[in-house]
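First comes the structure, then the notes that go with it.
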Amino acid sequence: MHDLVIENATLIDGLGTPARPGRLAVKDGRIAAVGDDVGLARTRIDADGLVLAPGIIDLHTHFDAQLLWDRFATPSVALGVTSVVIGNCGFTIAPCREKDRDQTLRDLTHVEGMPLEALRAGVDWSFESYPQYLELLERKGVVPNVASFVGHSSVRTYVLGQEASKRAATKAEVAEMKRLVADALRAGAVGFATSTLEQHNGESGIPMPSRLADEHELLELTGALGEVGKGVFMLTKGMTTTVPWLEQVSARNGRPVMIAAMFVDPNDPSRVFSEFEEIGAARSRGRELWGQVGCFPLGMEFTLRHPYPLEALLAWRPAIEAEGSEQFQRVLADRGFRNAVKAEARSRTVPNRFSYHSLEHMTIMEVGDPRHRGLVGRNVAELARSEGKDPFDWFFDFGLDGELDALVDCKLFNTDEDAVRGLLRHPHAAITLSDAGAHLAFLCDAGFGLHLFGHWVRERGDLTLEQAVQSVTSRAADAYRIKDRGRLTPGTWADLVLFDPRKVGRGEKRRMWDLPGGASRVDTPAVGLHGVWVNGVRVVDERGPISGSDRSGKVLREFAA
C-alpha cells in the first residue's frame, strides 16, 4: 500500500523525455512507481491532466540567515522550489566568532540588500563553526531541502578577524582556512563559494573579505575540493578570474566550477557569448565548467539615497563614503563626481556595471514631493531628453530636488530577450540566479522556474516544456551532485510540482511587511501552481503554503563524487 498516488497527470520526468499521461506513487518519501498501474494508496489525488514534474532546484540563493527564522524559505517553496543551495558568492554566516557577528550582518545588509533590523532580530547565533550551523538547521527543521556552500568571506573573517578586508593572508593563515574548508566539506558542504566581483562591497564600501585573496589563497582553498575528493567550486567572478584561469582550477582539482553571474550586458552584449565559447572549449578538454544564467531581466527597485546598482561603479565610492551625512548631497552635485560616473558608465572595460543603457530602463515608481506626482510612471531617459539634459544629470538633479527617497525601478541586464534565448538554450548553462533571500526590499526573482515555464515556453516558444523542466531539475541536481533528486524515477525522492501549463507563471509584484522587526520585502505570488511536495509531504496546494508541514525538508550532506 502506497502513501500517495497522483493519477490522471501529464508526467514530465525531468530528463528531457516527452511528456506522457500516467500515475505516480509515493511511499516513505520516495517515488515508488511511475506508469499506468501503480497500485493502491492511502491517499489518491486526481491531477485532472495537470503537469506533474520534479520540484524546481534553485542553485543560487542566500537563505543562510533567513532559514534560522523561516523554515519555508519564503517565498521560494510557494513558487515551486523544493531544493535550495545557500552560501553563494561565499556570503555566509558560518563560521563566525561572537565578536564578528554584528559586522557580518552589517556587511550582508550592504552587499546583499538584507534589512539589518530583520537580521538582528531573526538570526539565532547558537553556533560558531560551520558544522554547528548545519546541526542548528537540522534541529530547527526546514521545508525545502537545503544544500550549503562553505563561504570564503566567512572563513577568511574567522581566521583573519578585522584584517580580513584589509590585506593578503599569510601562508599559515591560508593553511588554517584550507583546513576549515576541508572540514566543512567532510561535514556536508556542497562545495566552496567565493566572489572576486569588484562591486561586492560590505559596509562603507569596504571590499568583502574574499576580494582580498591572492592567487595562492584561491588555489589552496579550491585545492581542498580536490584533496577531499568532492564538492563544487562556485565563483561570482570579477575581472581577474577569467574563464581560462578557472579552467586551470578545474584541471588542478578535477572538480566542477560554477561561474556566476552571466548576463547579457547591454553595454557589451557579445561578452557573455565569448565567455561561453571559452567554457565550451574547456569542456572539450574535459573540464566541467558551467555558467549561471537568469531568465529574467535583472531589475531592482531602489532609491537614490541607497542606490545598490550604482554602488557597482568604482566612481561611486565618494558617495558611499559620504552616505548618511550632509556631504552626500554635495557629492551628488559635484561636477567632477558626475563626470567620473558618466565616463565609467560608458566604459566596456568592467563588465556588468550600471550604464547609460540602464537609464533607458529606469522608471519612477513613487515620489515624495507633490510637485513631482506627474512623473510617476515616466521613464528617466525620456524625461532627460525632454529637458535637454544628460540622463545622469537629470536623475541626480531630481534626487537633490527633494527626491532622494523617490522609488525607481530599473532593469539592468538581460533586457534583450532574443539574446537571452541563446543563454537559456546553451548546453553548459545552469538556469538559476534568483538571489532568493537577498535584496528582499529590491526584487523577488524566486519564481524563476514558473516564469521559465510560462514566459519562455508558453508565451515565446523558445524552449519546450520538457527542456525547461530538465534545465531546473535533473541538470541542476547533476551539476551539484545532488543524489536522487530532480527526476521522476522510482527510488528517487518525491520532490514534486503540479501545475497548469496554460496558466503557470508568477504574479504581479507586491510588498509584504512580514520580516522580523516588521521590515518589508518584495513578493511575487505563484500563478497556476496546484501543489508542491517535498520528500513526499505536500507543503503547498492551490491556496498556498500548508501549515504543519514545516519539517519536510532535509539538510543535504551526502553528494555524489
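Side chains are part of it too, since the values below use all heavy atoms of this structure and drop only hydrogens, waters and symmetry mates. Computed from a predicted structure; not experimentally measured.
In this structure, Phe302 has its ring center at least 6.0 angstrom away from the ring center of Tyr308. If you look at Phe192 and His152, their ring centroids are closer than 6.0 Å. Here Phe91 and His200 bring their ring centres to under 6.0 angstrom of each other. Aromatic rings from Trp316 and Phe396 are positioned such that their centres are separated by under 6.0 Å.
Of the possible polar contacts, none joining the Ser210 side chain to the Ser153 backbone as a donor-acceptor pair under 3.5 Å is found. Side-chain atoms of Asn379 come within 3.5 Å of backbone N or O of Glu382 as a donor-acceptor pair. Within the 3.5 Å criterion, the main-chain N or O of Val159 finds no donor-acceptor partner in the side chain of Glu173. Judged by distance alone, with hydrogens and angles left aside, the side-chain atoms of Thr222 form a donor-acceptor pair with the main-chain N or O of Leu219 at under 3.5 Å. Under the 3.5 Å distance criterion, the side-chain polar atoms of His60 are left unmatched by any main-chain donor or acceptor of Ser434. A donor-acceptor pair under 3.5 Å is absent between the side-chain atoms of Arg255 and the main chain of Leu225, judged by distance alone. Without hydrogens or angle criteria, Ser250 side chain to Pro256 main chain gives no donor-acceptor distance under 3.5 Å. Side-chain N or O atoms of Gln132 include one that pairs as donor or acceptor with a backbone N or O of Ser129 at under 3.5 Å. Using modelled atom types, one side-chain atom of Asp107 and one backbone atom of Glu203 make a donor-acceptor pair closer than 3.5 Å. Between the side chain of Asp369 and the backbone N or O of Glu403 there is no donor-acceptor pair closer than 3.5 Å.
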Verify side chain to side chain contact (heavy atoms under 4.5 Å, CB included) between Val257 and Ile259, making sure each step is shown before the conclusion. CA-CA 6 Å; Val257 175; Ile259 307 167; 4.0 Å; yes
Kindly indicate, with the supporting measurements, whether the criterion salt bridge (charged side-chain N to carboxylate O under 4.0 Å, His left out) is fulfilled by Asp390 and Arg385. CA-CA 7 Å; Asp390 177 275; Arg385 284 191 286 269; over 6 Å; no
Can you check ring-ring contact (aromatic ring centres under 6.0 Å, His included) on Trp245 and Phe233, steps first, answer last? CA-CA 13 Å; Trp245 186 82; Phe233 175 38; 7.5 Å; no
Before you tell me yes or no, could you show the steps for Leu424 and Trp456 under side chain to side chain contact (heavy atoms under 4.5 Å, CB included), namely the whole-Å CA-CA distance, both residues' side-chain angles and the distance that decides it to 0.1 Å? CA-CA 9 Å; Leu424 301 183; Trp456 293 95; 3.4 Å; yes
Is there a salt bridge (charged side-chain N to carboxylate O under 4.0 Å, His left out) between Arg106 and Asp100 once you walk through the steps? CA-CA 10 Å; Arg106 294 201 306 271; Asp100 297 319; over 6 Å; no
Verify salt bridge (charged side-chain N to carboxylate O under 4.0 Å, His left out) between Asp265 and Arg348, making sure each step is shown before the conclusion. CA-CA 10 Å; Asp265 182 348; Arg348 292 189 176 188; over 6 Å; no
Applying salt bridge (charged side-chain N to carboxylate O under 4.0 Å, His left out), run through Arg120 and Glu117 and close with a yes or a no. CA-CA 5 Å; Arg120 284 175 170 165; Glu117 63 271 29; over 6 Å; no
Audit row: Trp125, Phe127, ring-ring contact (aromatic ring centres under 6.0 Å, His included) steps and yes/no: CA-CA 5 Å; Trp125 287 107; Phe127 66 90; 5.4 Å; yes
Test side-chain hydrogen bond (donor to acceptor under 3.5 Å, both in side chains) on Glu417 and His455; report intermediate values, then the result. CA-CA 11 Å; Glu417 289 194 329; His455 182 68; 2.9 Å; yes
Tell me, with the steps shown, if Ile364 and His372 meet side chain to side chain contact (heavy atoms under 4.5 Å, CB included). CA-CA 10 Å; Ile364 298 172; His372 300 136; over 6 Å; no
How far apart are the C-alpha atoms of Glu323 and His306, what are their side-chain angles, what is the distance that settles it, and do they pass the side chain to side chain contact (heavy atoms under 4.5 Å, CB included) test? CA-CA 8 Å; Glu323 191 173 294; His306 298 291; 3.4 Å; yes
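More than 12 heavy atoms of other residues, nucleotides or ligands sit less than 6.0 Å from atom CZ of Arg346. Within a 6.0 Å radius of NZ in Lys342, other residues, nucleotides and ligands contribute more than 12 heavy atoms. For NZ of Lys171, the number of neighbouring non-hydrogen atoms (other residues, nucleotides, ligands) closer than 6.0 Å is 12 at most. Within a 6.0 Å sphere centred on CD of Glu326, heavy atoms belonging to other residues, nucleotides or ligands number 12 at most.
For residues 313-322, no pair satisfies salt bridge (Lys or Arg N to Asp or Glu O under 4.0 Å), with sequence neighbours left out.
Residues passing the salt bridge (Lys or Arg N to Asp or Glu O under 4.0 Å) test with Asp523 are Arg510, Arg521, sequence neighbours excluded. Among residues two or more places apart in sequence or in another chain, the ring pair (Phe, Tyr, Trp, His ring centres under 6.0 Å) test is passed with Tyr480 by Phe149. Remark: Phe273 engages no residue in a ring pair (Phe, Tyr, Trp, His ring centres under 6.0 Å) (not counting sequence neighbours). With sequence neighbours left out, Phe413 forms a ring pair (Phe, Tyr, Trp, His ring centres under 6.0 Å) with Phe263. Remark: Glu220 pairs with Val174, Lys178, His216, Arg252 by the side-chain contact (heavy atoms from CB on, under 4.5 Å) rule, at least two apart or across chains.
Between Arg156 and Pro209 the shortest heavy-atom distance is CD-O, 3.1 Å. Of all heavy-atom pairs between Pro391 and Tyr356, the closest is CD-CE2, 3.9 Å. The two residues Val123 and Ala65 come nearest to each other via the heavy atoms CG2-CB, 3.9 Å. Contact between Cys96 and Thr104 at its shortest, heavy atoms only, is SG-OG1, 3.7 Å. Residues Val293 and Ala429 come closest through the heavy atom pair CG2-CB, 3.9 Å. Contact between Lys237 and Leu197 at its shortest, heavy atoms only, is O-CD1, 3.2 Å.
Judged by distance alone, the side chains of Tyr158 and Glu176 never bring a donor and an acceptor atom under 3.5 Å apart. For the residue pair Thr92/Ser154, the side-chain donor-acceptor check at 3.5 Å is satisfied. A side-chain N or O of Ser148 and one of Tyr130 form a donor-acceptor pair less than 3.5 Å apart. Between the side chains of Asp58 and Thr432, a donor-acceptor pair is found at a separation under 3.5 Å. With 3.5 Å as the limit, one finds a donor-acceptor pair spanning the side chains of His62 and Asp435. For the residue pair Thr196 and Thr241, a side-chain donor N or O sits within less than 3.5 Å of a side-chain acceptor on the partner.
A cation-pi arrangement is absent between Arg330 and Phe337, since the terminal nitrogen or guanidinium carbon is not both under 6.0 Å from the aromatic centre and inside a 45° cone about the axis. A cation-pi arrangement, defined by a distance under 6.0 Å to the six-membered ring centre and an angle within 45 degrees of its axis, is present between Arg283 and Trp290.
Results of the side chain to side chain contact (heavy atoms under 4.5 Å, CB included) test with Leu443 over Val522, Asp409, Leu298, Thr524 single out Leu298 as the only residue that passes.
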